[in-house]
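Okay, so here's the structure we're looking at.
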Amino acid sequence: MSTTSTNAALEVLFSHDQIARRVAEMGREIDRDYVGEKIVLVGVLKGAAIFLADLARSISVDNTFDFVAVSSYGKGSRTSGAVKLIKDLDNSIEGKNVIIVEDILDTGLTLNFLRGMFEQHQPKTLRIAALLDKPSRRVEKIDADYVGFTIPNQFVIGYGMDFAERYRNLQDICLMPPDAPELSAG
Ligand code: IMP
């Protein structure tokens, strides 16, 4: 088991180098798909902030950023099922090429909610880039157009992803130990 330098007790699922290589590939895929176009990258706060920062710098096509925030897991690791908009877009996306940038596609509730909301604003195109995909957890029928890594049903932290707001600053994506007291408490 390799461990992250930030916390020797955590098992690394994807190292910083693996993430950097994959994010660079995703940037090249997006460049190929949007030749001669402009893109708006809409990050979903807070988990996607670090992914968006790296993905945007892997993209050569003209791009701007916007951010939305939705209610998610609160203080623990379980979702309530309800999605609520906490912070709306700053700028209109009408007629624009929009890519929603999300850390994890899990049940799909969040992205299904955002996709429906954004479609009402009539963007020119609307796609989804998710760093991680957990297809076995899906409740809503939704897929990402760009996926970094597909993973089984494991709770992960680091590279922007949190547990109760902690661990976002880990350079690697790590596994949350299944026996963590906060996880078993539900
Ligand atoms: P969904 O609405 O169930 O697809 O959940 C999406 C959100 O849940 C993600 O943006 C994360 O904020 C959070 N999430 C889901 N799985 C994990 C995980 O393994 N670690 C940290 N956050 C997670």
Side-chain angles (χ1 to χ4, degrees), residues 4 6-7 9-16 18-19 22-23 26 41-56 65-89 98-119 126-186:
T4 181
T6 327
N7 185 334
L10 293 172
E11 187 180 344
V12 174
L13 186 59
F14 300 111
S15 70
H16 185 66
Q18 284 176 294
I19 300 165
R22 186 66 193 115
V23 172
M26 293 175 84
L41 299 171
V42 179
V44 185
L45 295 172
K46 304 171 197 168
I50 292 176
F51 173 43
L52 184 142
D54 285 343
L55 183 66
F65 304 168
D66 207 335
F67 291 95
V68 291
V70 293
S71 61
S72 59
Y73 283 80
K75 292 197 171 80
S77 64
R78 310 289 167 100
T79 181
S80 66
V83 183
K84 194 173 125 211
L85 189 71
I86 295 170
K87 186 218 163 290
D88 206 344
L89 294 163
V98 176
I99 302 180
I100 307 176
V101 180
E102 174 65 308
D103 55 357
I104 306 185
L105 177 50
D106 187 28
T107 63
L109 287 162
T110 306
L111 281 168
N112 196 50
F113 169 83
L114 289 173
R115 184 177 61 178
M117 191 182 90
F118 286 8
E119 272 168 356
L126 181 60
R127 287 188 174 171
I128 293 169
L131 178 61
L132 300 179
D133 187 7
K134 292 189 203 175
S136 65
R137 293 259 308 157
R138 207 73 94 248
V139 172
E140 297 289 348
K141 196 176 166 349
I142 186 160
D143 290 314
D145 302 279
Y146 307 98
V147 173
F149 303 99
T150 300
I151 61 169
N153 181 15
Q154 293 167 316
F155 198 84
V156 296
I157 49 177
Y159 195 72
M161 290 167 282
D162 75 311
F163 179 77
E165 295 298 329
R166 295 175 61 210
Y167 309 109
R168 293 193 197 276
N169 65 321
L170 298 178
Q171 298 221 18
D172 309 306
I173 296 176
C174 298
L175 289 179
M176 188 76 189
D179 55 354
E182 302 96 325
L183 279 179
S184 38

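A quick note: this is a predicted structure, and the numbers were derived from the prediction, not measured. Atoms within each ligand, like the ligands themselves, are counted from 1 in listed order.
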One finds that the ligand 1 atoms under 4.0 Å from a non-hydrogen atom of Asp162 are 21 (C)
Per-atom contacts, ligand 1 versus Gly108 - under 4.0 Å to a heavy atom
1 (P), 3 (O), 4 (O)
Which ligand 1 atoms does Thr110 reach within 4.0 Å, using its non-hydrogen atoms?
1 (P), 2 (O), 5 (O), 6 (C)
Counting distance only, does the side-chain N/O of Arg137 pair as donor-acceptor with the main-chain N or O of Thr107 below 3.5 Å?
no
Flag the pair Gln154 / Met176 as yes when at least one side-chain heavy-atom distance between them is below 4.5 Å, and no otherwise.
no
Side chain, backbone, both or neither: Asp106 near ligand 1, heavy atoms under 4.0 Å:
both
Out of curiosity, is Ile104 lining ligand 1, as in a heavy atom under 4.0 Å away?
yes
For Lys134, the atoms of ligand 1 under 4.0 Å from one of its heavy atoms are 16 (N), 17 (C), 18 (C), 19 (O)
Is Glu102 touching ligand 1 with its side chain, its backbone, both, or neither, if touching means heavy atoms under 4.0 Å apart?
side chain
Shortest heavy-atom approach to atom 11 (C) of ligand 1 - which of Asp103, Asn112, Leu114:
Asp103
Calculate, to the nearest 0.5 Å, the distance between atoms CZ and CZ belonging to Arg168 and Phe163 respectively.
12.0 Å
Ignoring hydrogens and angles, tell me if any N or O in the side chain of Gln18 forms a donor-acceptor pair with the backbone of Ser15 under 3.5 Å.
yes
So, does Met176 sit close enough to ligand 1 that a heavy atom of it is under 4.0 Å from the ligand?
no
Any chance the side chains of Tyr159 and Asp54 put a donor and an acceptor closer than 3.5 Å?
yes
With side chains defined as the heavy atoms from C-beta onward, is the minimum distance between Val156 and Cys174 less than 4.5 Å?
no
Please check this pair: side chain of Asp145 against backbone of Ile128, looking for a donor-acceptor N/O pair closer than 3.5 Å.
yes
May I ask you to check whether Val156 has an N/O atom sitting below 3.5 Å from an N/O atom of ligand 1?
yes
Run the numbers for me: atoms of ligand 1, each under 4.0 Å from some heavy atom of Gln154, listed by number.
19 (O)
Distance (rounded to the nearest 0.5 Å) between Met26 CE and Ile19 CD1:
12.0 Å
Distance-only N or O hit between ligand 1 and Phe155, under 3.5 Å
no
Those residues that, when tested against Asp133, pass side chain to side chain contact (heavy atoms under 4.5 Å, CB included) (two or more places apart):
Leu105, Pro135, Arg138, Val147, Thr150
At a 4.0 Å cut-off, with the gap strictly under it, does some heavy atom of Arg137 reach an atom of ligand 1?
no
